[in-house]
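Residue numbers start from 1 in every chain, and the chains themselves are labelled A, B, ... in the order their sequence lines are given, proteins ahead of strands.
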2 protein chains.
Amino acid sequence: MPTRDGASLQERIVALIHERGLAPGSPIPTEVQLMELLGASRNSVREAVRALRALGIVEIRHGHGTFVGHASLDVLTPSLAFQVRSGPGGGIRALRDLVEVRELLETGLIAQVAQSTSVTRLAALEALVNGMDRDHGADRAFHALLYESCGNELVLQLIGLFWDIYHEVEPTLGPPEERTAEIVVNHRRIVAALRARDAEAAREAMRLHFRDVKARIARAKAPDTA
Amino acid sequence: MPTRDGASLQERIVALIHERGLAPGSPIPTEVQLMELLGASRNSVREAVRALRALGIVEIRHGHGTFVGHASLDVLTPSLAFQVRSGPGGGIRALRDLVEVRELLETGLIAQVAQSTSVTRLAALEALVNGMDRDHGADRAFHALLYESCGNELVLQLIGLFWDIYHEVEPTLGPPEERTAEIVVNHRRIVAALRARDAEAAREAMRLHFRDVKARIARAKAPDTA
DNA sequence: AACTATTTGTCCGTATGTATA
DNA sequence: CTATACATACGGACAAATAGT
């Protein structure tokens with residue numbers, strides 16, 4: 001009769017966090033304390049804590065302690081990346097779905113961006129476009145900065161997440177296809193529409209941007225038709 | 001010199017799954033095999049596998065073995081619900097962001113649904129609306145069925161995930177506010193627009209639906225203004 | 001139905017690396 | 001620099017669940 005418990009250790013630890021009202025960043029009882037609190041061995045506690053760490057519920061700092069995590073949707077990254085890569089057709093299908101979601105979000109948001117974004121932010125966006133041929137990460141920063149004014153933290157995290165996964169899987173599509181020129185043109189068109197405060201033009205510019213991205217995926221999908 | 005490894009055990013196990021081309025459902029090496037494959041002790045292997053299980057990447061069946069999972073995003077529901085609850089203001093802000101994303105996705109997709117959905121599916125949607133006052137889960141099934149014809153698995157998972165999180169946190173907003181009548185009306189309006197193949201009307205009906213949801217959140221945000 | 005082999009679940013004890021005081 | 005507290009890692013042992021003989 002070791003330790004009959006209906007709920008899993010993970011759930012009991014989460015319940016413990018809620019009961020004590022621990023806010024993100026607060027320290028969690030140490031492993032030995034959890035051992036006697038939950039009546040489990042060190043190994044069981046460690047396995048449960050590792051699972052919670054994977055879920056972003058806790059953060060572990062070696063030699064210091066375990067703390068409540070304020071982590072975000074970043075925990076979706078390994079799961080989504082795995083799903084995309086192991087999907088049918090080498091994940092082309094999943095990649096198409098992912099880009100489609102990005103397009104839905106960005107074309108839906110760009111209208112309110114056209115009205116709310118400040119001129120200083122527009123200048124910063126312009127600077128990012130100018131450095132886009134040199135700095136590969138400028139593209140990610142561009143899309144992040146674009147929707148910062150919306151005040152929706154979740155959207156920012158989702159768009160960043162999708163960008164990361166796409167650029168993690170994208171190399172498997174085939175040869176690099178250096179088309180930075182077109183990419184820069186597409187982004188410049190978006191900024192121009194925003195400067196003109198033309199919501200519909202901005203949305204159309206965003207559609208053109210994603211048209212190119214989807215075309216790249218379609219080429220990889222059927223490379224034998226050439 | 002125990003086991004020098006740059007990558008974490010989790011990542012190495014995932015890499016191993018990809019190398020062997022293991023499809024969801026196929027068995028992965030046993031713990032003992034993983035021990036010698038990765039050069040780690042059983043406890044370390046177990047901790048890594050538990051973390052992968054939390055992410056939905058593997059499924060463990062006691063006494064049988066460990067298998068590749070489907071990495072469906074809904075395993076992350078408790079984690080994300082926890083994060084939303086821990087957010088500032090009791091999570092009202094995060095909940096508003098979440099509903100906003102749902103609205104972006106659904107209003108963006110409903111147009112192509114109006115064109116592609118079959119009449120039999122419309123009948124099924126109608127049936128769900130009719131049972132919505134009795135079955136609380138009919139709402140979730142409605143939104144899932146709605147976008148099934150789009151052929152985008154990621155969107156389905158995201159909408160289901162967000163629905164689950166919202167309805168897990170929503171009770172903390174305040175009293176239940178039994179307004180099933182209005183909810184049914186809103187959904188019936190959507191189906192009617194779809195039957196007429198009127199994309200713009202469907203989009204407007206969807207906006208009205210979310211207008212009510214957002215109003216509920218706004219009421220909870222400032223209950224003292226009454 | 002009973003036994004056995006395989007596999008995961010839990011536990012104990014111990015040693016090591018790391019950050020803080 | 002030393003000491004303490006903590007997380008990390010290892011190895012061995014037994015219990016519980018499952019599948020097949």
Side-chain angles (χ1 to χ4, degrees), chain A residues 1-17 20 22-71 75 78, chain B residues 1-17 20 22-71 75 78:
Chain A
M1 176 183 47
T3 54
R4 80 285 172 273
D5 31 329
S8 73
L9 272 187
Q10 302 179 31
E11 294 167 354
R12 290 174 64 192
I13 295 179
V14 172
L16 189 142
I17 293 177
R20 303 197 172 184
L22 299 180
S26 321
I28 282 181
T30 67
E31 290 181 351
V32 261
Q33 286 172 322
L34 285 177
M35 283 172 59
E36 44 201 26
L37 276 173
L38 308 174
S41 78
R42 169 165 294 147
N43 257 324
S44 304
V45 168
R46 279 184 57 79
E47 287 173 8
V49 171
R50 287 286 280 242
L52 292 179
R53 181 181 71 114
L55 292 174
I57 293 183
V58 302
E59 284 178 1
I60 305 177
R61 265 172 288 185
H62 190 148
H64 190 201
T66 308
F67 305 84
V68 181
H70 33 23
V75 301
Chain B
M1 174 187 50
T3 54
R4 79 285 174 272
D5 33 327
S8 75
L9 274 187
Q10 303 180 29
E11 293 167 353
R12 291 174 63 192
I13 294 178
V14 172
L16 187 141
I17 293 177
R20 302 196 173 184
L22 299 180
S26 7
I28 72 176
T30 69
E31 291 178 349
V32 207
Q33 288 172 323
L34 284 177
M35 284 173 58
E36 43 200 27
L37 276 172
L38 307 174
S41 79
R42 192 160 107 96
N43 278 330
S44 304
V45 168
R46 279 184 57 80
E47 285 174 11
V49 172
R50 286 286 286 249
L52 292 179
R53 180 182 73 115
L55 294 174
I57 292 181
V58 303
E59 285 177 2
I60 307 178
R61 266 173 287 185
H62 189 168
H64 191 202
T66 308
F67 305 84
V68 180
H70 308 280
V75 304

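Considering only residues two or more places apart in sequence or on other chains, Pro29(B) meets the side chain to side chain contact (heavy atoms under 4.5 Å, CB included) condition with Leu16(B), Arg20(B), Gln33(B), Leu34(B), Leu37(B). With sequence neighbours excluded, no residue forms a side chain to side chain contact (heavy atoms under 4.5 Å, CB included) with His62(B). For Glu31(B), the side-chain hydrogen bond (donor to acceptor under 3.5 Å, both in side chains) criterion is met by Arg42(B), Arg46(B), not counting sequence neighbours. Shown here are the side chain to side chain contact (heavy atoms under 4.5 Å, CB included) partners of Val14(A), two or more places apart in sequence or in another chain: His18(A), Leu52(A), Ile57(A), Phe82(B). For Thr66(B), there are no side-chain hydrogen bond (donor to acceptor under 3.5 Å, both in side chains) partners at least two apart in sequence or on another chain.
Look at Ser44(B) and you won't find any side-chain N or O under 4.0 angstrom from OP1 or OP2 of dT8(D).
Distance Leu38(A) CG to dC11(C) P: 11 Å, rounded to the nearest Å. Between Glu47(A) atom CD and dC12(C) atom P the separation is 14 Å, expressed in whole Å. Distance, Phe67(A) CZ to dA5(D) P: 16 Å, rounded to whole Å. For Ile60(B) and dT10(C), the CD1 to P distance is 10 Å, given to the nearest whole Å. Atom pair Glu59(B):CD and dG9(C):P shows a separation of 13 Å (rounding to whole Å applied). Rounded to a whole Å, the CG atom of Leu34(A) is 13 Å from the C1' atom of dC6(D). Whole-Å rounding puts the Leu9(A) CG to dT8(C) P distance at 19 Å.
Across all strands shown, dC1(D) forms no Watson-Crick or G-U wobble pair with both key distances under 3.5 Å.
A donor N or O paired with an acceptor N or O is found under 3.5 Å between the base of dT10(C) and the side-chain atoms of Arg42(B). One can find a donor-acceptor pair under 3.5 Å joining the base of dG11(D) and the side-chain atoms of Asn43(B).
Of all nucleotides listed (dA7(D), dT10(C), dC10(D)), dT10(C) comes nearest to the side chain of Arg50(B).
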**Study point:** Where protein sits on nucleotides 2-7 of chain C, one letter per nucleotide: B base, S sugar-phosphate only, - none, heavy atoms under 4.0 Å
**Key:** ----BB
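Looking at His70(A) and Glu59(A), their side chains come closer than 4.5 Å, going by heavy atoms from C-beta outward. Contact check for Val58(A) versus Val68(A): no side-chain heavy atoms found under the 4.5 Å cut-off.
The residue Arg53(A) sits apart from the nucleic acid: no heavy atom pair falls under 4.0 Å.
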